[in-house]
Amino acid sequence: MANSSTKKWWKNAVIYQIYPRSFCDSNGDGIGDIGGIISKLHYLKDLGVDAIWLSPVYSSPGYDNGYDISDYKDINPDFGTMEDMERLISRAKRLGIKIIMDLVINHTSDHHEWFQKALAGDPKYRDYYYFRKGKGHGAPNNWSSFFGGKAWTKTESGDYYLHLFSKRQPDLNWHNPDVYEEITDIMRFWLDKGVAGFRCDVINIIYKESLENGIKRFSLTGREHYLNTEGCHELIQRFNSEVWSKYKTFIVGETVMVTPDDAKLLSDENRKELDAVFFFEHMDVDSRGIKWFKKKYRPCKLIRILDKWQEALEVPANYFENHDQIRSVNHFGNTGKYWEKSAKLLCGLNLSLRGVPFIYEGEEIGMTNADFRGLRDIKDIESYNINQAMKRLLFVHSVRRKLILQTTRDNARTPVQWDSSEGAGFTTGEPWIKINANKSYINVQDESADENSILNFYKKMIEFRKNSQALAEGNYRRVASPNDVYIFTRESKDERLYIYCNLTGFTKAVEFYGDNIIFGNYPESKWEKSYLKPYEFRIVASNI
Ligand code: ISL
Ligand code: CA
């Protein structure tokens, strides 16, 4: 049994993701910044979070809002200075909040000095990337990009370079030992400054085993050459043994297209790779292979997927939202009559599952998808590229508009609604992206004042989790339940809890397990043992 000194700090942590551009603007230029984050640290402390995952704040031309880094050891002036960043780390530390930085090492920005030198012909730096001659009249292979279109772009010299994301994000060549030295040096630079770990962007695709042609697919041709490769596992093990293990880090990998078995390999404690992984299967529950083509969401499918991952992993990284996904009330809940109930239900579920829960900025007040008027309101480079790809396939405007508006990542990137004023308390200037008009009733100020708000439910639920041995470290077991209702137990030595989640807008008859209902998203006077109200969440204690 681990005692308090050897126990890992993150084992019972609640982590809050900040997308800096949209969080809080301190100087009126319409862009969220580090000063804004510092001004809200007390808010986060009060909410009960232990750590912040900070989406990239490094120098970047911002084509992919910071996921295109041009200098890993400097701060984007839109967000502030290195002094601001150091202040954030130390102020957060004083409040007992750790900072986890996003680390994007599959690719750099095309503005990075390394890539600029490579383009200028410097052989040392050309080998930091994948530059290849074309084949016949086309690219070196047939791979496609995550953002639509080809994964290769031709340079003035006639050669092509590889980019699994946009052409502004050239992939690093992880076969080159110099790349390893440079990036591990960057990791140490930040760990020495006091950050507590990294969220590693698309970490399971960084090592390309070969550049052969890929099996032709509707999307992501070529992935069999770079997904979860042996070389990737070896690299992560080296990061772990040579760098991460020297600090008390928490390392969570964003792992795309993984099965539970892949994820187990990447996060098995004995293999010493990652501490936890983000998987996507539950996010894709309503998509037909690629997210732009949706199918009907069925709660029973979500339940089956969550259950599978709960069983498979020791420490799943649980989440219902991030900066790449639509808002969870739109995705799995209800934005009408049951907006408040469903947001609280999703909170309860996320914080009751086994693993490390992540909350994305604005989720704690039930923010909804954006209310964009048309494609012109969208800033996301992914949406831009997909729109271009759909145009090439001769999709008409009304179809492109519909598919993109309902799935664009910008749905989660509208400014956090702090109050109901014109700038939503986010900015005194012109916001970089449209603020949702529902700030009039979905905002932190109003919800702070309302004891029954979603925000206050989050606070109570986080506190409940903190005080519960069973939720913090108990085991997990699913219990038989009617369709679309999720019931499971969390059990530790002295405590057994039954968690009930009605993921529908209908009343559901259920078997009553346990002894006393002790927590829920309906008032106590409405608790009925034998049925669940629409989107009801409840915790039932059982004597053991
Ligand atoms: O968002 C997606 C689909 O809409 C994913 O395929 C996403 O591109 C993938 O999860 C990788 O995401 C990460 O790396 C990207 C960056 O744009 C994302 O914001 C980041 O989370 C490239 O760095
Ligand atoms: Ca600003």
Side-chain angles (χ1 to χ4, degrees), residues 17 19-39 53-58 60 62-69 75-81 84 102-109 144-148 151 163-172 199-206 219-220 223 227 252-258 277-281 283-284 287 289-294 319 321-326 331 358 360 378-386 403-404 406-413 415 423 426-432:
Q17 183 192 352
Y19 195 68
R21 233 183 149 69
S22 307
F23 187 67
C24 183
D25 171 22
S26 68
N27 63 353
D29 66 356
I31 300 173
D33 47 47
I34 296 171
I37 300 173
I38 293 175
S39 75
W53 149 26
L54 194 58
S55 277
V57 289
Y58 313 94
S60 162
Y63 292 106
D64 191 15
N65 289 353
Y67 284 87
D68 47 330
I69 300 171
I75 298 293
N76 180 347
D78 281 347
F79 297 144
T81 60
D84 293 328
D102 217 309
L103 192 67
V104 187
I105 57 175
N106 176 68
H107 44 266
T108 69
S109 159
S144 49
S145 140
F146 276 66
F147 290 168
H163 55 86
L164 290 185
F165 293 88
S166 83
K167 65 175 184 192
R168 302 292 189 172
Q169 294 162 301
D171 280 40
L172 283 167
R199 174 269 188 187
C200 301
D201 194 62
V202 294
I203 193 69
N204 64 324
I205 62 171
I206 64 173
S219 74
L220 290 179
R223 65 183 176 208
L227 199 59
V252 54
E254 185 206 28
T255 56
V256 291
M257 296 175 291
V258 285
V277 298
F278 285 119
F279 50 91
F280 287 84
E281 195 178 348
M283 288 291 144
D284 298 332
S287 84
I290 47 175
K291 71 168 186 184
W292 296 279
F293 302 107
K294 284 203 162 289
Y319 71 100
E321 285 186 19
N322 65 33
H323 65 291
D324 291 334
Q325 304 291 335
I326 61 171
H331 209 165
F358 284 77
Y360 176 67
I378 296 181
K379 315 284 179 197
D380 182 13
I381 190 169
E382 181 194 56
S383 303
Y384 175 83
N385 284 357
I386 293 301
L403 295 180
I404 293 176
Q406 67 181 11
T407 51
T408 178
R409 305 190 296 183
D410 279 352
N411 277 308
R413 299 177 180 183
F426 163 74
T427 185
T428 52
E430 188 62 36
W432 72 276

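Order of listing sets the numbers, starting from 1, for every ligand and every atom in it. Just so you know, these numbers come straight off a predicted model, no measurement behind them. The figures that follow rest on heavy atoms only: side chains count, while hydrogens, waters and symmetry mates do not.
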Note to self: Please work out, at 4.0 Å between heavy atoms, whether the side chain, the backbone, both, or neither of V256 comes within that distance of ligand 1.
What the structure shows: side chain

Note to self: If I compare all heavy atoms of S22 with all of W432, which pair ends up nearest, and what's the gap?
What the structure shows: OG-CZ2, 3.3 Å

Margin query: For D380, is there an ion pair with R409 - N to carboxylate O distance below 4.0 angstrom?
Written below: yes

Checklist line | Ring centers of Y319, Y360 separated by less than 6.0 Å | finding: no

Next item on the list: Please say whether E254 places an N or O atom under 3.5 Å from an N or O atom belonging to ligand 1.
Entry: yes

Margin query: For the OH atom on Y384, are there more than 12 heavy atoms of other groups (residues, nucleotides or ligands in this structure) within a distance under 6.0 Å?
Written below: no

Check: Passes side chain to side chain contact (heavy atoms under 4.5 Å, CB included), V258 versus F280? Steps please.
Finding: CA-CA 8 Å; V258 285; F280 287 84; 5.9 Å; no

Note to self: Using 0.5 Å steps for rounding, measure from the CD1 atom of I386 to the CD1 atom of I378.
What the structure shows: 12.0 Å

Next item on the list: Around atom 21 (O) of ligand 1, find the nearest protein heavy atom and jot down its residue, atom name and distance.
Entry: D324 OD2, 2.5 Å

Check: Quick one: which ligand 1 atoms are inside 4.0 Å of a heavy atom on H107?
Finding: 22 (C), 23 (O)

Note to self: Return the closest protein heavy atom for atom 17 (O) of ligand 1 as residue, atom name and distance.
What the structure shows: D64 OD2, 2.5 Å

Check: Within less than 3.0 Å of the Ca ion (ligand 2), how many protein N/O/S atoms are there?
Finding: 5

Checklist line | Part of K291 within contact of ligand 1 (heavy atoms, under 4.0 Å) | finding: side chain

Checklist line | Aromatic centroids of H163 and F147 separated by under 6.0 Å | finding: no

Next item on the list: Step by step, work out the side chain to side chain contact (heavy atoms under 4.5 Å, CB included) result for D33 and D78.
Entry: CA-CA 7 Å; D33 47 47; D78 281 347; over 6 Å; no

Next item on the list: Enumerate the atoms of ligand 1 whose separation from the nearest heavy atom of H323 is less than 4.0 angstrom.
Entry: 18 (C), 19 (O), 20 (C), 21 (O)

Notebook entry, point to check: Does atom NZ of K167 have more than 12 heavy-atom neighbours, drawn from other residues, nucleotides or ligands, at distances under 6.0 Å?
Noted result: no

Next item on the list: Can you sort out the partners of F23 under ring pair (Phe, Tyr, Trp, His ring centres under 6.0 Å), two or more places apart, ordered by chain and number?
Entry: W418

Next item on the list: For residues D68 and G62, report the shortest heavy-atom separation together with the two atoms involved.
Entry: OD2-N, 3.4 Å

Note to self: For atom 11 (C) of ligand 1, what's the nearest protein heavy-atom neighbour? Residue, atom name and distance, please.
What the structure shows: V202 CG1, 3.3 Å

Check: Nearest protein heavy-atom contact for atom 6 (O) of ligand 1: which residue, which atom, what distance?
Finding: F146 CD2, 4.0 Å

Next item on the list: Would you mind finding which of I326, T255, D201 brings a heavy atom closest to atom 20 (C) of ligand 1?
Entry: D201

Check: Using heavy atoms and a threshold below 4.0 Å, how should the contact between R199 and ligand 1 be classified: side chain, backbone, both, or neither?
Finding: side chain

Note to self: Using a 4.0 Å cutoff against the non-hydrogen atoms of F147, which atoms of ligand 1 qualify?
What the structure shows: 8 (O), 17 (O)

Check: Less than 4.0 Å between a side-chain N and a carboxylate O, is that true for D324 and R413?
Finding: yes

Checklist line | atom 2 (C) of ligand 1 [closest protein heavy-atom partner, distance rounded to 0.1 Å] | finding: E382 OE2, 3.8 Å

Check: Which residue from F278, F280, W292, F165 reaches closest to atom 22 (C) of ligand 1 through any of its heavy atoms?
Finding: F165

Next item on the list: Considering non-hydrogen atoms only, spot the tightest contact between W292 and L403 and give its length.
Entry: O-CD2, 3.3 Å

